[in-house]
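A quick write-up on the structure given underneath.
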Protein chains: 2
Amino acid sequence: MSHPRATVHWIYAHPQESSFNARLFRDGVEALSRDYDVETTDLYRQRFDPVLAGPDLGDPQGRDGNVVELMGEVYAGGQVPPDVVEEQRKLHAADLVVIQFPLWWYGPPAILKGWFDRVLTNGFAYGPVDPDTGLPLRYGDGPLAGRRALVIVTAGEDERSIGRRGVSGDLDSLLFPLTHGTLWYTGIEPLDLHVVHDADSLGRTEIDHESARLRERLSGIADESPSSPYRRLRDGDYHGIRALRTDLLPGRTDLGIHRVRSD
Amino acid sequence: MSHPRATVHWIYAHPQESSFNARLFRDGVEALSRDYDVETTDLYRQRFDPVLAGPDLGDPQGRDGNVVELMGEVYAGGQVPPDVVEEQRKLHAADLVVIQFPLWWYGPPAILKGWFDRVLTNGFAYGPVDPDTGLPLRYGDGPLAGRRALVIVTAGEDERSIGRRGVSGDLDSLLFPLTHGTLWYTGIEPLDLHVVHDADSLGRTEIDHESARLRERLSGIADESPSSPYRRLRDGDYHGIRALRTDLLPGRTDLGIHRVRSD
């Protein structure tokens, strides 16, 4: 008996074809292609336009009204720009989403930030309300639920300066707007980050090692789940849709409180 | 006796001229212009290109090598693209930097993220090392030290869902990559955030009120300092350039530990 292979959408942002990131992208896609149908978004090569502007709001000349509402109308009316339609198609078809980028100013490069701004539109990635509870379907639920995401990030700093209590902040907190505020918001469950530290100073042997380490991780990705999942809004851990219940982890204010197992 | 007026650089990102953000931008610039020389960067109107690419690395066709090193060579060699040169000129001339944007996916719109990616280049915004200590001049020091920044952000959510223990994370943590990882990294001291909550549902009276509240704050901005400044790397609170000293705020891992007065 045959069944369709699982599908991966790998979204990648780096300007140089000769870069370490390009190597990881090529090797990772090749490795996954043995077991999955892999579709890619090579943002630089596609010359993806990351600027959310008039066409995304229903009129190239610009249009008055609330941005979120306008994007909802555009999606409902089938007027989404063709380049965004294509990205939405690939993302919607995916069981696993891979997002790979170098850390620039402690976040994703603009070309990737704009992919989220433009592709994750109202109606496609968020918007519906649970008819039973009246609560919005977000943070764990929502239109893209059922998918998992692997975020691969290369950082110039070492594990200590960008780790817990590190001078630059810890990477889990720095990327919380992406893993929790973007992916989890729409229903996509982020796996543990895949981080390469000291990425600006790797020698040839270390690059080979990092490629092997990534391929090793990808080989087991089908069975992987996050070591500490984010809380689901519908599980009742929050006061309505607002703050974490006062009896849960009292006094703590770090972003780790939004994980089910917060150590 | 006359002396030159202080200078403001106001960087603004919103696609619609009819938006609430546009109103705050116009009213704020007008108010400041009475006491300051104000230069503006209206990213959408300028059609600023936020994608760091070949020209920023010294060759429109792309060039091999480490991105940080290449950008340092480009800056040292006077090959910075003209649109970036102009932004660097305005920023360097400023005593106060205002950065205004709507919160999209819990961060700045791509057109603004790319302004940081392209304008804050190696050599211009970071890079030098303290000859006495051998430590890099960053986090409080660095080429842009002596400037202050006011970050103005409009958010669709209310104070609780995006506040302390809020389901979306607190705004101070969500914007840490900007206020600490970007501004403070280069030496620019961020003032307390200026936040407008529920920004998608303001009525006419509330919009007038928010304009007045912003102008009121701007009227006292010359004397303002952050209620809890970030720690300076050179003050010895960290193990070298890495993690916060274990005797300071032991056990805490929230991003607030990087402030001098952490409550």
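Only this structure's heavy atoms are used, side chains among them; waters, hydrogens and symmetry mates stay out. First the proteins, then the strands, lettered A, B, ... as listed; each starts at 1.
Put simply, CZ on B/Arg252 and CZ on A/Arg165 are 9.0 Å apart, with the number rounded to the nearest 0.5 Å. Separating the OG atom in B/Ser18 from the CZ atom in A/Arg63 is a distance of 11.0 Å, to the nearest 0.5 Å. Interatomic distance, CD1 of A/Ile111 versus CG of B/Asp117, reported as 10.5 Å (0.5 Å rounding). Taken from CH2 in B/Trp105 to OH in A/Tyr185, the straight-line distance is 6.0 Å, to the nearest 0.5 Å. To the nearest 0.5 angstrom, B/Ile257 atom CD1 is 10.5 Å from A/Arg164 atom CZ. The CG atom of A/Leu112 sits 9.5 Å away from the NZ atom of B/Lys113 when rounded to the nearest 0.5 Å.
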* Asked: Would A/Tyr44 and B/Leu52 count as a side-chain contact (heavy atoms from CB on, under 4.5 Å) if you check the C-alpha gap in whole Å, the side-chain angles of each, and the deciding distance to 0.1 Å?
  -> CA-CA 10 Å; A/Tyr44 272 93; B/Leu52 191 165; 4.2 Å; yes
* To do: Check step by step if side-chain contact (heavy atoms from CB on, under 4.5 Å) holds for B/Val51 and A/Arg47.
  => CA-CA 9 Å; B/Val51 179; A/Arg47 299 179 178 276; over 6 Å; no
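Residue A/Leu70 touches chain B through its side chain alone, counting heavy-atom pairs closer than 4.5 Å. Proximity to chain B (any heavy atom under 4.5 Å) is restricted, for A/Arg245, to the backbone atoms N, CA, C and O. For A/Leu255, the part sitting under 4.5 Å from any heavy atom of chain B is the side chain, from C-beta outward, and nothing else. Using a 4.5 Å cut-off between heavy atoms, A/Phe20 makes no contact with chain B at all. Using a 4.5 Å cut-off between heavy atoms, A/Leu57 touches chain B through its side chain atoms alone. When heavy atoms are compared at a cutoff of 4.5 Å, B/Asp158 approaches chain A solely by way of its side chain, counted from C-beta outward. Both the backbone and the side chain of A/Pro177 come within contact range of chain B, each with at least one heavy atom under 4.5 Å from a heavy atom of that chain. Both the backbone and the side chain of A/Phe116 come within less than 4.5 Å of a heavy atom in chain B.
Checked against salt bridge (Lys or Arg N to Asp or Glu O under 4.0 Å), A/Asp170 has no partners two or more places apart in sequence or in another chain.
Chain A forms the most heavy-atom pairs under 4.5 Å with one residue out of B/Leu43, B/Thr246, B/Thr182, and that residue is B/Thr182. Among A/Gly156, A/Pro102, A/Ala13, A/Pro108, the residue with the largest count of heavy-atom pairs under 4.5 Å with chain B is A/Pro108. Note on A/Val68, A/Leu249, A/Leu178: by heavy-atom pairs under 4.5 Å with chain B, the leading option is A/Leu249. For the options B/Leu248, B/Leu244, B/Ile162, heavy-atom pairs under 4.5 Å to chain A are most numerous at B/Leu244. Listed options A/Gly114, A/Ala53, A/Ser168 were ranked by heavy-atom pairs under 4.5 angstrom with chain B; first place goes to A/Ser168. Top candidate by heavy-atom pairs under 4.5 Å with chain B, chosen from A/Tyr139, A/Trp184, A/Trp115, A/Phe48, is A/Tyr139. With chain A as partner, the option from B/Asp56, B/Asp200, B/Leu174, B/Leu175 having the largest number of non-hydrogen pairs under 4.5 angstrom is B/Asp200.
For a heavy-atom cut-off of 4.5 Å, chain A lies close to B/Leu233, B/Tyr238, B/His239 in residues 227-239 of chain B.
Here the side chain of B/Arg242 pairs no donor or acceptor atom with the backbone of A/Gly166 at under 3.5 angstrom.
Nearest heavy atom pair, residue A/Gln16 against residue B/Gly65, reads NE2-O, 2.8 Å. A pairwise comparison of heavy atoms in B/Pro50 and A/Pro50 identifies CG-CG, 4.0 Å as the closest pair.
Counting heavy atoms from C-beta on, the side chains of B/Val67 and A/His14 come closer than 4.5 Å.
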